Amino acid sequence: MRLGALEAGGTKMVCAIGDELGNIESRASFPTRKPEETMPDIIGFFADQKIEALGVGSFGPLSLDPESSDFGAITTTPKLEWRSFPLRKSLADALNVPVGIDTDVNAAALGEAVYGAGKGLNSLVYYTVGTGIGGGALLDGRLLHGLVHPEMGHMLLRPDPRDPSPKGFCPYHESCLEGLANGPAIEKRWGISAKELPEDHIAWEIEAEYLAQMCVNTIVLLSPKRIVLGGGVMHQAHLFPRIRRRTLEMLGGYVAHPAILEKIDTFIVPPALGDNAGAVGSLLLAVNAIQK
Ligand code: ADP
Ligand code: ZN
């Protein structure tokens, strides 16, 4: 099947052509400007590609209730030009194919669960730790939505006593995950690019502490079979053993399943699809759109 994938991000729109097996044949990237400028780029890319369906993993917040008249629209985003923009409908009208849409992190969770680090698992949570922090969840084989959709990046955390900026930097919340632990928070706190912080800097102990709290909260709340941690900050591979160790310590043996107690190394893992998780997941959203 020839399918399209769109990863709609706040800084760039990545368009790809691929198939239901997650193979990607070609891709192109366009800067995210106003909808009037950006949509023609996207539609132009897909228009003569003869795709059977399109899957979109998008920044949000999004309206994801299929019964709602604004299904697939971007809603209250701080990017004002995109507020209330009917992303799914614009693409469906222009390309005349079924269009599936979900959050960027739900798409990545789906990609990793079907073809990546959670191959074959029906329950998995995916986080991206980058410019923002977001989480997507597949539970019992279904992507989790709810009233709107989860905003796991804004869960409240317990500040680390060693943190010189314990309130974090989120404009909405004091001491939320994103405000404490995204790439920009690391840089604001320490005044140096996260890429340049040495491995033995206390910054990484504190970062691991916050990401371990995130994993503990995720385990007790959603009970996924695996947690996949991606995004630019997770390129610091030394974070993984620290996060695993603190997760075990903070759980205190309470969730007594061998997948956690004995095999934490395969429970909290990096993405297997790397930067392709979102694109592969979006191809699968396209498949789902055809089946609906
Ligand atoms: P985005 O979230 O914008 O889609 P990324 O996931 O690449 O993109 O995240 C970018 C953020 O990740 C930046 O804040 C940057 O500081 C941080 N980052 C990127 N690479 C690294 C790295 N190797 N080590 C630590 N932080 C990094
Ligand atoms: Zn917040």
Side-chain angles (χ1 to χ4, degrees), residues 5-16 27 29-33 56-61 76-79 82 103-109 111-112 116 126-136 148-159 163 165-208 210-211 213-214 217 228-243 270-271 273-282:
L6 167 63
E7 288 177 86
T11 50
K12 61 184 198 285
M13 298 283 177
V14 181
C15 302
R27 72 170 83 218
S29 174
F30 306 103
T32 303
R33 296 165 292 156
V56 182
S58 179
F59 74 95
T76 56
T77 173
K79 290 180 82 69
W82 289 86
T103 60
D104 42 10
V105 277
N106 263 357
E112 286 292 334
Y126 175 94
Y127 282 98
T128 179
V129 186
T131 308
I133 299 184
V148 184
H149 48 71
E151 289 283 359
M152 303 186 206
H154 296 271
M155 68 173 78
L156 304 183
L157 298 184
R158 186 170 63 192
D163 185 350
S165 309
K167 294 184 178 177
F169 303 93
C170 176
Y172 299 94
H173 317 112
E174 196 171 298
S175 308
C176 81
L177 168 60
E178 180 172 288
L180 286 168
N182 65 358
I186 300 173
E187 298 180 0
K188 283 187 198 132
R189 184 183 287 116
W190 304 106
I192 170 175
S193 142
K195 280 182 203 163
E196 273 146 41
L197 272 171
E199 269 185 38
D200 59 0
H201 196 287
I202 184 76
W204 296 121
E205 281 299 313
I206 296 171
E207 182 71 9
Y210 291 143
L211 298 178
Q213 288 189 30
M214 170 188 89
N217 291 345
V228 181
L229 305 182
V233 173
M234 298 313 301
H235 290 153
Q236 300 283 331
H238 57 90
L239 283 172
F240 280 92
R242 302 182 203 218
I243 294 167
L273 301 175
D275 295 336
N276 279 338
V280 171
S282 298

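Bear in mind the structure is a predicted one, so any value in this text is a computation, not a measurement. Both counts, for ligands and for their atoms, begin at 1 and track the order of listing.
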Nearest to [atom], what protein heavy atom do you find, and at what distance?
{"atom": "atom 26 (N) of ligand 1", "result": "Ala194 CB, 3.4 Å"}
{"atom": "atom 24 (N) of ligand 1", "result": "Gln236 NE2, 2.8 Å"}
{"atom": "atom 9 (O) of ligand 1", "result": "Gly130 CA, 3.2 Å"}
{"atom": "atom 15 (C) of ligand 1", "result": "Glu187 OE2, 4.0 Å"}

Completion exercise
Here the gap from Leu157 atom CG to Leu180 atom CG, rounded to the nearest 0.5 Å, amounts to 6.0 Å
Practice task
Would you give the length of the straight line joining atom CZ of Phe169 to atom SG of Cys176, rounded to the nearest 0.5 angstrom?
Solution key: 11.5 Å
Exercise for the section: Of all N, O or S atoms in His173, identify the one at the shortest distance from the Zn ion (ligand 2). Expected result: ND1
Handout entry: Of the N, O or S atoms in His154, the one nearest the Zn ion (ligand 2)
Key = ND1
N or O pair under 3.5 Å between [X] and ligand 1:
{"X": "Thr131", "result": "yes"}
{"X": "Gly232", "result": "yes"}
{"X": "Trp204", "result": "no"}
{"X": "Thr11", "result": "no"}

Exercise for the section: Report yes or no: does a heavy atom of Val233 sit under 4.0 Å from some atom of ligand 1? Expected result: yes
Handout entry: Sub-4.0 Å heavy-atom approach of Gly9 to ligand 1
Key = no
[X] neighbourhood, listing ligand 1 atoms whose heavy-atom distance to it stays under 4.0 Å:
{"X": "Gly231", "result": "6 (O)"}
{"X": "Pro184", "result": "14 (O)"}
{"X": "Gly183", "result": "14 (O)"}

Can a donor-acceptor pair be found, under 3.5 Å and without considering hydrogens, that links the side chain of [X] to the backbone of [Y]?
{"X": "Trp82", "Y": "Thr76", "answer": "no"}
{"X": "Asp104", "Y": "Gly57", "answer": "no"}
{"X": "Ser282", "Y": "Ala107", "answer": "no"}
{"X": "Glu178", "Y": "Cys170", "answer": "no"}
{"X": "Glu187", "Y": "Ala194", "answer": "yes"}
{"X": "Arg189", "Y": "Ala181", "answer": "no"}
{"X": "Thr32", "Y": "Gly9", "answer": "yes"}

Problem - Heavy-atom protein contact below 4.0 Å for atom 4 (O) of ligand 1 - result: no
Handout entry: side chain to side chain contact (heavy atoms under 4.5 Å, CB included) assessment of His201 paired with Ile192
Key = CA-CA 11 Å; His201 196 287; Ile192 170 175; 5.7 Å; no
Problem - Considering all heavy atoms, the nearest Trp204-Glu199 contact - result: CD1-O, 3.7 Å
Exercise for the section: With heavy atoms under 4.0 Å as the rule, classify the contact between Ser193 and ligand 1 as side chain, backbone, both or neither. Expected result: neither
